[in-house]
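Below is one structure, written out as structure tokens; the observations come after it.
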Number of protein chains: 4
Amino acid sequence: MNNILFKGIIAYPITPFDEKGKVNIPLFKKLVDRLVTAGTHGIAPLGSTGVLPYLTDEEKEAVTEATVQQVAGRIPTLVGVSNLTTDKTIYHAQFAEKAGAKAVMIIPMSYWKLTDDEIFAHYDAVAAKISIPIMAYNNPATGGIDMTPALLKRLLQIPNVTMIKESTGDIQRMYHLRNELGDEVAFYNGSNPLALAAFSAGANGWCTAAPNLIPELNIALFDAIQANDLQKAKSVFYKQLDLLRFITAKGLPRTIKAGLHLIGEDGGSLRTPLQPLTDSEMATLAGILSGIR
Amino acid sequence: MNNILFKGIIAYPITPFDEKGKVNIPLFKKLVDRLVTAGTHGIAPLGSTGVLPYLTDEEKEAVTEATVQQVAGRIPTLVGVSNLTTDKTIYHAQFAEKAGAKAVMIIPMSYWKLTDDEIFAHYDAVAAKISIPIMAYNNPATGGIDMTPALLKRLLQIPNVTMIKESTGDIQRMYHLRNELGDEVAFYNGSNPLALAAFSAGANGWCTAAPNLIPELNIALFDAIQANDLQKAKSVFYKQLDLLRFITAKGLPRTIKAGLHLIGEDGGSLRTPLQPLTDSEMATLAGILSGIR
Amino acid sequence: MNNILFKGIIAYPITPFDEKGKVNIPLFKKLVDRLVTAGTHGIAPLGSTGVLPYLTDEEKEAVTEATVQQVAGRIPTLVGVSNLTTDKTIYHAQFAEKAGAKAVMIIPMSYWKLTDDEIFAHYDAVAAKISIPIMAYNNPATGGIDMTPALLKRLLQIPNVTMIKESTGDIQRMYHLRNELGDEVAFYNGSNPLALAAFSAGANGWCTAAPNLIPELNIALFDAIQANDLQKAKSVFYKQLDLLRFITAKGLPRTIKAGLHLIGEDGGSLRTPLQPLTDSEMATLAGILSGIR
Amino acid sequence: MNNILFKGIIAYPITPFDEKGKVNIPLFKKLVDRLVTAGTHGIAPLGSTGVLPYLTDEEKEAVTEATVQQVAGRIPTLVGVSNLTTDKTIYHAQFAEKAGAKAVMIIPMSYWKLTDDEIFAHYDAVAAKISIPIMAYNNPATGGIDMTPALLKRLLQIPNVTMIKESTGDIQRMYHLRNELGDEVAFYNGSNPLALAAFSAGANGWCTAAPNLIPELNIALFDAIQANDLQKAKSVFYKQLDLLRFITAKGLPRTIKAGLHLIGEDGGSLRTPLQPLTDSEMATLAGILSGIR
């Protein structure tokens, strides 16, 4: 199994809602297409950006199918299938595989803090029921569980757990992972403000919602890294840093939707309890975007 | 609206599953009845102990109805109706009211961190659709959001938000709340190891799963406080402290189920990803229980 | 060795400076005398309140001697002798013993985080060189090291380490200590806003700078606890809580000096880098004090 | 005033003690000379590595003079002059200037948490009394105070505060600083495991004790960055990462002294309460060093 299925800029589309609160699939497809044509290297629907936990089963299925159809094999798709219970996670992982996803992403969502054994058993049970690769995703800020490097290493014993996405925002964690796991394991950065440090540390890719707004800068950072040009990478990174910090601090679905509006694109509505940015936040974002452009 | 609807020991039943992974309603009713006949002062199904987030809508409804039927008005019922989206929270709150619950408990569950305005709007929207009181529940360890005393005070402006449950485990937070909110507001402790400090601080009640195992000690603590006998309260608290610490540290559904087994009661099965206690944890719990009895 | 040498309200005087920046010993003696005549049960110079780490060796010796002289055996004295190096700690502990102190208080001051073995060896070396009891003092917020209950228990193996002062501000830590150490060990609360919870938990005493401003309320809390009257204790505690929170949040030397000025007493000057309260902080403190009186 | 006085590898010597516990100046000079001849770009005595807070005034002065004499202008010297009180900090800063130091480093040491105004006044008072540049040093783990980027920016208003050393270990803090302060301000990394990320972010130098053990690898990292060769930088960084993590985790004075012993150099003794590495820690360090060499 090729474990370097994804590299570069893996773009996370938002899930737009219509005015009645239903998922707007035609608009979603349009947003996905923008990301593909902008030159990103992978598409990841139903992540945190895509408000996965706020969707019904039927909505998740519709979004999965819409992604695969719209991407149409131009770049690989990575579908989020996380759920609080193991059975439901299996259900959605199997659906994604059948629908044509190249891989699935799983964060151990928690209400009760899970033990390491519970987390391992959770991944193991899902992995046994699908044949596509799994990206294990660590993000204590949203999922509520912090998987140690030791646990992530243990998860890699499961044959189709082949990728690690780290979103703690701590570069030392990433260094430690790389040192522990060696060069062969594919690891990905999910913390936007860490993009330069993570690529410098050897990350294979950057999982990010930023390409909804500034794909060319995101791709330019990866290109500079590929060209071993640190000066260029640093320069292009500092250009986008304020935006990366803002969207991370204020929440991806809210800020991306607002940013799309500011650049003249329709991002649809949010699902409550999420609310639009305040006027003051909107002004800050407008200032950041106009500073970039 | 009487805001001191609940006081004393508010007992949280677990939700038992059968071997096929389905909710075992007859066993649930038996567990609820044990809590009522033991002398607790309120029953709160579908809390963290009752693994609310792991249940389907249908299961939540069945548990709600079973509670109201079994309790049969002997003591008041407080039904957990928390959900990630506002619409679903309204749905379950309305169901609970129709089913006969005396009040509902709502924790602002989070995937994305919610702003204070988003949380206020969430409670406000639910409150407008029901006529029974709401207990606002703060527990960053499970819900992922920490509501400040200032925000909790603001929530109390909503007419039927009349009770506060604090589970941060920080007694200073509770002191601050009491000082801010005054004597009239009903506040409840949801941190087991804080039971003595919280009652000493003036908490109206203790929301706890411990009565599944040691109801007489829990009630004795409340009785000593009511009798203004601090020495007695301290003595009875230290007797149960090791158990309170253990069930909090290892997770309520897992430890209560294990404890029920150890005292000869059937607690049913867990739903994955939750797993039974390890042998070593089981031995520790057995030692603590036999030390108490 | 009687390990319950101290109980009740152990008062911490500030160290006042004159306008040239020198310690004002006559004023210090006057401040000490106020605390004794107010009815407190112990005097503890050279604590955090007494800005121990900002003093020269000669100043520490002068303050020690002045305390013993002024108290003149009316109540027991507990002298702070903490130092970064072990040799200097021994030096000051021996000085305090010769000067007539009843006990010494030692916090493991840290620049480099010390290991448990380093901390044990530090206390052990000092204890071997004096014959009066030692109070081991845990306060990560000032000392930079957090001693676990397990380490504190280990320190009690040293014959003349007989008292524990806990200032983490976490009541659960105190419960755990009491459960681990049993009834015989004297433990003291050093977190002002935790006073009610700590006494309810069985603390032998409260180490506090508050008696410089409100001795009657501090003593009334202890009296209510002694009388097993929780309702009274709670009522008297909530009266003083705002002040306790303020002096803890803004720093004891600065706030006590300011408070003394507000109640018409001379508290002398501070030593830089410490600066007087701002006007706005001063107004807040004045409001709190006038609300109490 | 040239604010880029230092760049590259700024080496921190330990302060060795003889068997009677006195500072061993001849050995110190030898250790300093090793660092200069190894090719490091600056020498910084009396830092955390040099156990500044554990030394008497006389010892600090002797170490300062010995450094300037031994370095003899071959590379610039940066002398640590931090003290709890402002007056003592001024005293040592003036001594360092007279002795011939090129700059001084100041961390706002704290027992009581200082306010931003207190910290600003502290630096301002020192700066007014010397004419060499000051490096403001932020390290909450040792100094007990965390200076925000906003405060650091404010300190740069003081004319001879021209350099910032950041040791929080959070690369995002460094990005933020750079974005706030612009390209002209010299900033330095003081967190060893962050060396690659910090240089990638544009840090002017790396303040480190590691050259006592592996100067060639430290210098090679800087050289690769200068050559804009990220691949080489990454490769040379991962070679030394385990050592950087170990010396940071176990404390610089203890680990550097142990490491010197392991490579056949005399590092002298430690001053209590600091103790030598345990046998098990020693074995780990030996394994790491032999893996590198």
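Every chain is numbered from 1 and lettered A, B, ... according to where its sequence line falls, protein lines coming before strand lines. Since this is a predicted model, take the numbers as computed values, not measurements.
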Could you look at [X] and say if it's the side chain, the backbone, both or neither that has a heavy atom under 4.5 Å from chain A?
| X | result |
| --- | --- |
| B/T89 | neither |
| B/L55 | neither |
| B/A125 | neither |

Sort [X] into side chain, backbone, both or neither according to what part of it lies under 4.5 angstrom from a heavy atom of chain B.
| X | value |
| --- | --- |
| A/L84 | both |
| A/L252 | both |
| A/L270 | neither |

Exercise. When only heavy atoms count and the cut-off is under 4.5 Å, which of residues 271-282 of chain B reach chain A?
Worked result: B/R271, B/T272, B/P273, B/L274, B/Q275
Exercise. Given the options B/L114, B/N83, B/D117, which has more heavy-atom pairs under 4.5 Å with chain A than any of the others?
Worked result: B/L114
List, one per line, each side-chain donor-acceptor pair under 3.5 Å for residues 45-54 of chain B, sequence neighbours excluded.
from	atom 1	to	atom 2	distance (Å)
B/S48	OG	A/Y111	OH	2.9
B/Y54	OH	A/W112	N	3.4

